[in-house]
Asker: 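Handing you a structure now.
One-based numbering along the sequence shown. These numbers come from a predicted model, not from an experiment. For ligands, and for the atoms within them, numbers begin at 1 and follow the listed sequence.
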Amino acid sequence: MNPPPHPRRTPRPPQRVSSGRYSLWRLLREGIKGQRGWSRAWAKASPRPHYRVVIVGGGGHGLATAFYLATEYGIRDVAVLERGPIGLGNVGRNTTIIRSNYFHPDNIRFYEFSLKLWEGLERKLNFNAMVSQRGALNIFHTEAQRDLFTRRANQMRLLGVDAEALDREAVRRLVPLVELDNGRYPVLGGFLQPRGGTVRHDAVAWGYARAASEAGVDIVEHCEVTGLTRTGARVTGVETSRGAITAETVCLAVAGHSSRLAAMAGLKLPIESHVLQAFVSEAIKPVLDVVITFGAGHLYVSQSDKGGLVFGGAIDGYNSYAQRGALPVAEEVAASAVTLLPALARVKVLRQWGGVMDMSMDGSPIISHTPVPGLILNGGWCYGGFKAIPAGGFTTAHLIARGEPHPVAAHLDLQRFADGRMVDERGIGPFPYLH
Ligand code: FAD
């Protein structure tokens, strides 16, 4: 007698949930019916053995890449593998600032593309991400800084992007809280991008996750990638804490962990990992309705809708993977805050935290093929990757789907470091801790 045929392992179809359309009408209906009609915002998928595209990292860039692959490029056989729950990486740790006020023309085009995507994002995702274009103001204190900001504003305006030069009186009217006559750092004026502002950071992860899941993407949480599988030179899959998965393309979107993941394929990236910290104060009455950057120190501050003041400073000046805050930076940021906004001196700081940043050698990101076939890199976001999430996701999806860079991200290739074509936005050379 022949043995019974071995049961063939058929791949399980992806689990789907639909959370339905969010609307005012739905809120009213659920309110009346006791809130019983809500369902999970995205499916908790289990990994399948094979996907066309595997994206490592369920932060803003990984989720946005998956969403645009499915909705703009028709590639739905996609998994996003996240080692923890989504939204707990830098996407949920940043100071929420969005803007496109750069100097390098290619960077202006890239970040402006992102800002335009932010402007329509909530409608596109059907998710309230609290996009608030309240204005981003850089304050200057010397004539040399005035020249720099004027050049930057002119460059932006030449490319059709909004930028305004403000004199002292205009700064006073816009932000009465700023101390204009500080003996050491008198304010001479400001450089405003009215369309800059803030976005609720973790809502960005949730909104993209929900929309990507709805479009057919598997979002696999608690699935750590522990190795990259090679067939010959090519990367053909990943080893994970939940088993091996094969894929035609593997995309790394792991922010501060880019170097570690790339090393699994034998690649050494021009990236250092540093910690960047943020701080939030107790909630106070509305006092600040723009984002301010202090030109004399490394400080940026905005007020959240809950009333807390959200502060950020410079990166820790040494390499680290320790995702936590530390006192020296807290002191530095507090000193700058009190110099710029002395009326806040008695406000209490409630929380402080850190995120691991992938600082590239020229301070600009990388969206690129790598020398390893089958492996794509989205990384090197430094301080600025939150504002870039829509454009980073869109252009990474383009690169995966079309096999060639999107025109607004063509300057962000990895090869530039080998060729010496740096995208040195601030002109300060290959020193990550200075960018
Ligand atoms: P992340 O959210 O970090 O996503 C990467 C994910 O990869 C993580 O969830 C991680 O768990 C996962 N991962 C890592 N290794 C593995 C593995 N082996 N297997 C599976 N998953 C893995 N940018 C701005 O534009 N404006 C700002 O105001 C701003 N402020 C900031 C303030 C702070 C304090 C910090 C820390 C950052 C700030 N940034 C800001 C930068 C911005 O947050 C980051 O550049 C951006 O979020 C990085 O991209 P991401 O969202 O994809 O990263």
Asker: Any idea which part of Arg260 is under 4.0 Å from ligand 1, heavy-atom wise: side chain, backbone, both or neither?
Answerer: neither

Asker: Would you check whether Gly60 has a nitrogen or oxygen atom less than 3.5 angstrom from a nitrogen or oxygen atom of ligand 1?
Answerer: yes

Asker: Between Phe386 and Trp118, is the gap from one ring center to the other below 6.0 Å?
Answerer: yes

Asker: Run the ring-centre check on Tyr102 versus Phe110 and record whether the distance is less than 6.0 Å.
Answerer: no

Asker: Which residue owns the protein heavy atom closest to atom 23 (N) of ligand 1, what's the atom, and how far is it?
Answerer: Tyr383 O, 2.7 Å

Asker: If only side-chain N and O atoms count, and only distance matters, is there a donor-acceptor pair under 3.5 Å linking Gln193 with Ser100?
Answerer: yes

Asker: At a 4.0 Å threshold, what atoms of ligand 1 neighbour a non-hydrogen atom of Trp381?
Answerer: 45 (O)

Asker: Judging by distance only, is a nitrogen or oxygen of His61 under 3.5 angstrom from one on ligand 1?
Answerer: yes

Asker: Do any nitrogen or oxygen atoms of Gly62 come within less than 3.5 Å of a nitrogen or oxygen of ligand 1?
Answerer: no

Asker: Starting from atom 2 (O) of ligand 1, which protein heavy atom do you reach first, and at what distance in Å?
Answerer: Val91 N, 2.8 Å

Asker: In sequence, state the C-alpha distance, the side-chain angles, and the governing distance for Lys124 and Glu72, and then conclude on salt bridge (Lys or Arg N to Asp or Glu O under 4.0 Å).
Answerer: CA-CA 12 Å; Lys124 184 135 194 136; Glu72 297 288 330; 3.2 Å; yes

Asker: Could you identify the single nearest non-hydrogen protein atom to atom 21 (N) of ligand 1 and state the distance to 0.1 Å?
Answerer: Arg83 N, 3.2 Å

Asker: Taking heavy atoms and a distance under 4.0 Å, where does Ala253 meet ligand 1: side chain, backbone, both or neither?
Answerer: backbone

Asker: Kindly identify the option in Asp202, Val80, Val225 whose heavy atom sits closest to atom 18 (N) of ligand 1.
Answerer: Val225

Asker: Among all the protein's non-hydrogen atoms, which is closest to atom 26 (N) of ligand 1, and how far away is it?
Answerer: Ile97 O, 3.0 Å

Asker: Would you say the ring centroid of His398 lies under 6.0 angstrom from that of Tyr68?
Answerer: no

Asker: Scan side-chain atoms only and decide if Asn128 and Arg200 contain a donor-acceptor pair under the 3.5 Å cut-off.
Answerer: no

Asker: Do we see a donor-acceptor contact under 3.5 Å between the side chains of His201 and Thr96?
Answerer: no

Asker: What protein heavy atom sits nearest atom 9 (O) of ligand 1, and how far away is it?
Answerer: Glu82 OE1, 2.7 Å

Asker: How does Tyr300 reach ligand 1, by side chain, by backbone, by both or by neither, if only non-hydrogen atoms under 4.0 Å count?
Answerer: neither

Asker: If you measure from atom 24 (C) of ligand 1 to every heavy atom of Phe279, Tyr208, Phe386, which option wins on shortest distance?
Answerer: Phe386

Asker: I need the atoms of ligand 1 closer than 4.0 Å to a non-hydrogen atom of Ala278, numbered in the order shown.
Answerer: 34 (C)

Asker: With distance as the sole criterion, is a donor-acceptor pair present between the side chains of Glu224 and Ser241 under 3.5 Å?
Answerer: no

Asker: Are any of the heavy atoms in Cys223 under 4.0 Å away from ligand 1?
Answerer: yes

Asker: Select one of side chain, backbone, both or neither to describe which atoms of Leu81 lie under 4.0 Å from any atom of ligand 1, heavy atoms only.
Answerer: backbone

Asker: May I ask you to identify the nearest protein heavy atom to atom 38 (C) of ligand 1, giving residue, atom name and distance to one decimal place in Å?
Answerer: Asn94 CB, 3.2 Å

Asker: Quick check: does Gly84 get an N/O under 3.5 Å from an N/O on ligand 1?
Answerer: no

Asker: Side chains of His104 and Asp424: do they bring a donor and an acceptor to under 3.5 Å?
Answerer: no

Asker: Does ligand 1 come near enough to Gly384 that some N or O of the ligand is less than 3.5 Å from an N or O of the residue?
Answerer: yes

Asker: With heavy-atom distances below 4.0 Å as the criterion, list the atoms of ligand 1 near Gln277.
Answerer: 34 (C)

Asker: Is there a polar contact, in the sense of an N or O pair closer than 3.5 Å, between Lys387 and ligand 1?
Answerer: yes

Asker: Would you mind running through ligand 1 and noting each atom that sits below 4.0 Å from a heavy atom of Val254?
Answerer: 5 (C), 7 (O), 13 (N), 14 (C), 15 (N), 16 (C), 22 (C)

Asker: Do Gln303 and Asp289 have side-chain N/O donor and acceptor atoms under 3.5 Å apart?
Answerer: no

Asker: Which of these, Asn378, Val238, Leu261, Thr95, has its nearest heavy atom closest to atom 28 (O) of ligand 1?
Answerer: Thr95

Asker: Do you see a donor-acceptor pair shorter than 3.5 Å between the side chains of Arg109 and His411?
Answerer: no

Asker: For atom 48 (C) of ligand 1, find the nearest protein heavy atom and state the residue, atom name and distance (0.1 Å precision).
Answerer: Ala255 CB, 3.9 Å

Asker: Are Gly312 and ligand 1 in contact, using a heavy-atom cut-off of under 4.0 Å?
Answerer: no

Asker: If you measure from each heavy atom of Cys382 to ligand 1, is any distance below 4.0 Å?
Answerer: yes

Asker: Is there a nitrogen or oxygen of Ile389 sitting under 3.5 Å from a nitrogen or oxygen of ligand 1?
Answerer: no

Asker: Can Thr240 and Arg242 be counted as having a side-chain donor-acceptor contact under 3.5 angstrom?
Answerer: no

Asker: Using distance alone, decide if ligand 1 has a nitrogen or oxygen within less than 3.5 Å of any nitrogen or oxygen in Asn90.
Answerer: yes

